[in-house]
Amino acid sequence: MEATERRRVAADRVRTAEDAVAQLKEGLAGLGVTLPSLRVDPVSCAGNEPTPLVDLGRCNIDTALRLCEVLAEKGSDHGD
């Protein structure tokens, strides 16, 4: 793979990670959950062949408990 193609693939990976973060933010917000530090990890995007990671971030206890509530509600929806 030539350098131009590698750069394109790398940019696509980062763009895909950014899209995933946007979808997560939107989906979680619709459920009343905000993870303030949800983002693409910048360090994982470094180098010639980045492997972007989504950093779900740190959250306070109230946010963690709200996320647990939402997951439990969604889990019980599947049990019906």
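It should be emphasised that the depicted structure is a prediction, and the values quoted were computed from it without experimental measurement.
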Minimum heavy-atom distance V54-A17, with the two atoms named: CG2-O, 4.3 Å
Between D41 and S44, what is the shortest heavy-atom contact and its length? O-OG, 2.7 Å
Inter-residue atom distance L53.CG - R39.CZ, 0.5 Å rounding: 11.0 Å
Atom CD of residue position E5 - does it have more than 12 heavy atoms of other residues, nucleotides or ligands inside 6.0 Å? yes
Any Lys/Arg nitrogen of R66 or E69 sitting under 4.0 Å from an Asp/Glu carboxylate oxygen of the other? yes
State, yes or no, whether a side-chain contact exists between E73 and L31 at a heavy-atom distance under 4.5 Å. no
Between L67 and C59, is any pair of side-chain heavy atoms under 4.5 Å apart? no
Please say which of L28, V21, L24 ends up in a side-chain contact (heavy atoms from CB on, under 4.5 Å) with L35. L28
Checking the side chain of R13 only, and the main-chain atoms of P50 only, is there a donor and an acceptor separated by less than 3.5 Å? yes
Are a donor atom and an acceptor atom from the side chains of T16 and D19 found within less than 3.5 Å of each other? no
